[in-house]
Amino acid sequence: MELSEIGNLVNDLSGSSLIQILFILLAGWLLLIVDQKFFTWMASRFAGRLRLYILAVVPTLRLVIIASMTIMIITRIIDPTLQNIATLIGALFVVLGFAFRDYISSLMAGITTLFEMPYRHGDWISVEGYYGEVQSIGMRSVRVLTLEDSLVSIPHLKLWTEAMSNANNGTPDLQCQTDFFLASGHDPVNARNLFHDVALTSPYINLKKPLLVTVQELPWATRYRIKAYPLDPRRQSMFISDLVVRGKTELNRQGIAAASGWPGQNEPGNFA
Amino acid sequence: MKTDTPDSPPLWAFIPLTEYSPPAEPVTQAVRKGFSALFKRFRETKSGESKDGNMSLSVLDPEERMQVADDPDWKAGAEALDGEIEAWRGREGRSDSVFFLTGAPFSGYQEILDVWRKEKRVRLIEPPERKAILDSDKGWLKQFKKGKGLWVLPRLEHCFIRHTRGLGLVRSFLEEACNGAYGEGVIGCSGWSWSFLQHVWRGSHLPVYTQHPVDYRLLAELLWNIASASRSPETSNSLKFLQADGEPVLHYSSTEKSVQAGEFILKLASYSRGNIGVALEIWRNALKKEENLSEGESEIIYVSDWDSLSLPLLPSPTGDNEGFVLHALMIHGTLSYDLLDCLLPLSRSGISETCFLLEKARLLRKEGACWMISPPAYPVVRTYLKENDYLLDPF
C-alpha cells in the first residue's frame with residue numbers, strides 16, 4: 001500500500017474537526033476517570049456480592065467509552081466506508097505494532113480480559129508470586145493490592161505467557177487453608193474435632209459455606225488443614241491469624257505437641 | 001383497614017418451623033425501605049422531624065404508657081403452646097423425645113414458655129455455669145436423670161459459648177436428649193442460637209416449633225387487646241389512636257364491629273417483621289397525649305407519624321468490630337464484657353469502645369453487667385448482618 005493511498009483516505013481536517021477530536025479525547029478521558037473512581041467508591045459502600053456486581057460495571061463501561069470514542073474520532077478523520085476503515089486500521093497496526101510491540105500486546109490482552117474475564121475487580125489473583133486483590137483494571141495493566149499493602153502493577157501481557165490463579169473468580173467466596181503440623185502420639189480424632197471447633201467458633205467464618213478439616217500423614221508430622229471461607233475475602237489474613245492463634249492456644253492447653261522439625265531443615269540455605 | 005378477615009389465623013398459634021414464612025411486606029414499603037437503605041449508605045441520616053403540626057403533644061409518662069401498651073397476656077399464648085405440646089405428646093408412633101421451641105429474640109416465645117412452665121409446674125432445668133461449659137463438665141447433665149416426668153430447658157442459648165471449649169457440653173446434651181436418655185422434655189432456644197447449633201450438632205431430626213408469624217392484622221388485634229385490657233368494655237370501644245392530623249391508627253368500629261388499623265400499623269408490622277417485642281417497644285415510644293389534658297379526657301391517644309419516629313441507625317462506617325459484637329449478642333442473647341473478651345478477637349478496650357459506640361447509637365442496651373441488642377434496633381441490626389453474610393436466624 002502506497003503512503004499516498006492512505007493519505008487520500010483522510011479528510012481535510014478543518015480547525016473545527018480538530019477541536020471536536022480534542023473535545024472527544026478530553027471527554028472520554030474524563031469519563032474513564034469517573035468510571036474508575038465513582039464505581040470503585042460506590043462499591044466500597046457495599047459488601048458481598050453487590051460489591052462485586054458494582055465493580056464489574058467498570059470494565060464494561062470502559063469498553064463502551066473507548067469504542068464510542070474510537071468510532072467518533074474515526075468518523076471525523078476519514079469517510080467511514082468499510083474499505084477506508086480496513087485500510088486505515090491495517091496501516092496503523094503495521095506502524096504501531098513495530099514501534100510499541102509490548103505495549104500493543106498489553107493493550108490487546110487488556111481488551112481480551114474484558115471478554116474472557118480471567119480477573120475482575122475484587123478478585124484475588126496470583127501472578128508471578130504476587131498475590132492480592134484486583135483494585136483496578138487499566139488498559140495496559142492490572143493493579144493488585146497485596147496482603148502486605150503494596151500496590152503491584154502487572155501488565156496484561158502476562159496473560160499470554162504466565163499461569164495465573166484466581167481464588168474467588170468473581171464471587172465473594174474465597175477458601176482459606178490453614179495448616180497445623182502435629183507431632184505423632186496425639187489422638188487424631190480429638191485433634192480433628194478440635195480444629196473443626198476452632199474454625200466453627202471464629203467470628204470471621206462464613207458458616208453458609210462448607211467447613212472441612214483434612215488430615216494427611218507426612219513422614220515428619222501429621223498435617224491438619226482447615227478449609228473454610230471468611231465472611232469477606234479482604235479479611236482472609238485476619239481469619240487465618242485468628243484460626244492459628246486459637247488453634248495453638250487450644251493445642252497448648254491440651255498438651256498436644258506441634259511437629260518440631262521437617263526433613264532437611266538443617267541443610268544450608270533451607271529456610272522453609 | 002379491617003383486621004379480622006375470615007382467613008385470619010388465631011393470634012397465639014404454634015406451627016412447625018418448616019412452615020414458617022415471615023409476614024409479607026407491602027410492595028410500597030419494600031421499595032421505600034430499599035431506597036432509604038441505599039441513601040443511608042451515602043449520607044448521614046437525620047432523625048425524623050416531628051409532624052405534630054400545631055398541636056402540643058407530649059410523651060406519655062411510664063404509668064400511662066403501661067395502661068395502654070403493657071406487655072401482652074402471655075397466658076393465652078401459654079395455653080396455645082400447651083395444646084401443641086399435648087398434641088405432640090399424644091401423637092402415636094412418635095420417636096422424638098424432645099419438643100423444640102424456637103423464635104426470634106423479643107418475639108415472646110420465652111415469656112410464653114416461662115408462663116407455661118409455671119402454670120403446668122414443669123421441672124425447670126437451669127443452664128450450666130460458665131466454668132462447667134468451658135470444662136465440658138458432664139455433672140450438669142446428671143440432673144436430667146434425677147427426676148421423672150417432663151422437664152423444660154427454656155434457654156438453650158445459655159448452655160454453650162461460641163468458643164473452642166464451649167461446645168462440648170451442649171453437643172453431649174443434645175445427643176443424649178434427642179436419643180431419649182432424659183425422657184420427655186421441652187427445649188426453648190433463640191433462632192440465632194439454633195442456626196449456629198445446627199452447625200455444631202447434626203443429630204436426629206427434631207420437631208422444631210415456632211410462633212405463627214404476626215402480620216398487621218394480628219398485630220392490630222394484639223395492640224387493641226392490650227390497650228382495652230385495663231378499661232371496661234363500655235369505655236374501651238371509645239378509645240382511639242390517632243395521628244396529629246386526625247388520621248386513624250387504631251380504633252374500634254362499632255358499625256363494622258371490628259378493630260380498624262391504619263397505615264402506621266401496616267408499617268410497624270412490616271418494620272418489626274411481625275416481632276411482637278420489637279413492635280411493642282416502637283409502639284410505646286410513638287404514643288403521645290395532648291398537653292394540659294385533665295383526667296378522664298384521655299379517650300384519644302396520639303401516635304407519632306411513622307417518618308418522624310427516631311428509630312436506631314447503624315453508626316457510619318460500621319466495621320468488623322461492630323459486626324462481631326452484634327452477631328455475638330444475637331447468638332447468645334446477652335453477654336458481659338468478660339464473655340465478649342473471651343469470644344472475640346478484639347482487645348478489651350476495643351470491645352469497650354465498640355459497645356459504647358453501639359449504645360450511643362441506641363443499638364445496644366445494658367442489663368446489669370450484660371449487653372444486649374435493644375428491641376427497636378433488632379430489625380436494623382438483622383438487616384446489617386444479612387447484608388454482610390453473617391449466619392442468620394430463620395425468621
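Chain A is the first sequence line, chain B the second, and so forth, proteins listed ahead of strands; every chain is numbered from 1.
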field: Atom pair CZ (A:Arg246) and CZ (B:Arg165), whose distance is rounded to the nearest 0.5 Å
entry: 12.5 Å
- request: May I ask you to check whether over 12 heavy atoms, not counting those of A:Gln216, lie within 6.0 Å of atom CD?
  value: yes
message: Please determine whether the number of non-hydrogen atoms from other residues, nucleotides or ligands lying under 6.0 Å from atom OH of B:Tyr337 exceeds 12.
response: yes
Worked check of side chain to side chain contact (heavy atoms under 4.5 Å, CB included) between B:His327 and A:Leu231: CA-CA 12 Å; B:His327 194 236; A:Leu231 284 167; over 6 Å; no
message: What part of B:Tyr390 gets within 4.5 angstrom of chain A, counting heavy atoms only: side chain, backbone, both, or neither?
response: both
- prompt: More than 12 non-hydrogen atoms from neighbouring residues, nucleotides or ligands closer than 6.0 Å to CZ on A:Arg192, yes or no?
  reply: no
- prompt: Roughly how far, to the nearest 0.5 Å, is CG of B:Asp320 from CE of A:Met238?
  reply: 7.5 Å
- request: Could you tell me the separation between the CG atom of B:Leu392 and the NZ atom of A:Lys208, rounded to the nearest 0.5 Å?
  value: 5.0 Å
- prompt: Is B:Lys366 atom NZ crowded by more than 12 heavy atoms from other residues, nucleotides or ligands, each under 6.0 Å away?
  reply: yes
message: Once rounded to the nearest 0.5 Å, what's the spacing between atom CG of A:Asp232 and atom CG of B:Asp389?
response: 9.0 Å
- prompt: At what distance, to the nearest 0.5 angstrom, does CG of A:Asn193 lie from CZ of B:Arg171?
  reply: 7.0 Å
- prompt: Taking atom CD of A:Gln177 as the centre, does the number of heavy atoms from other residues, nucleotides or ligands within less than 6.0 Å exceed 12?
  reply: yes
query: Taking all atoms of both residues into account, what is the closest heavy-atom pair of B:Pro345 and A:Asp242, and its distance?
result: CB-OD1, 3.5 Å
field: Steps toward side chain to side chain contact (heavy atoms under 4.5 Å, CB included) verdict (B:Val200, A:Leu200)
entry: CA-CA 8 Å; B:Val200 173; A:Leu200 194 60; 3.7 Å; yes
query: Side chain, backbone, both or neither: which part of A:Ser202 has a non-hydrogen atom closer than 4.5 Å to chain B?
result: backbone
- prompt: Should the heavy atoms of other residues, nucleotides or ligands under 6.0 Å from CZ of A:Arg143 be counted, would the total exceed 12?
  reply: no
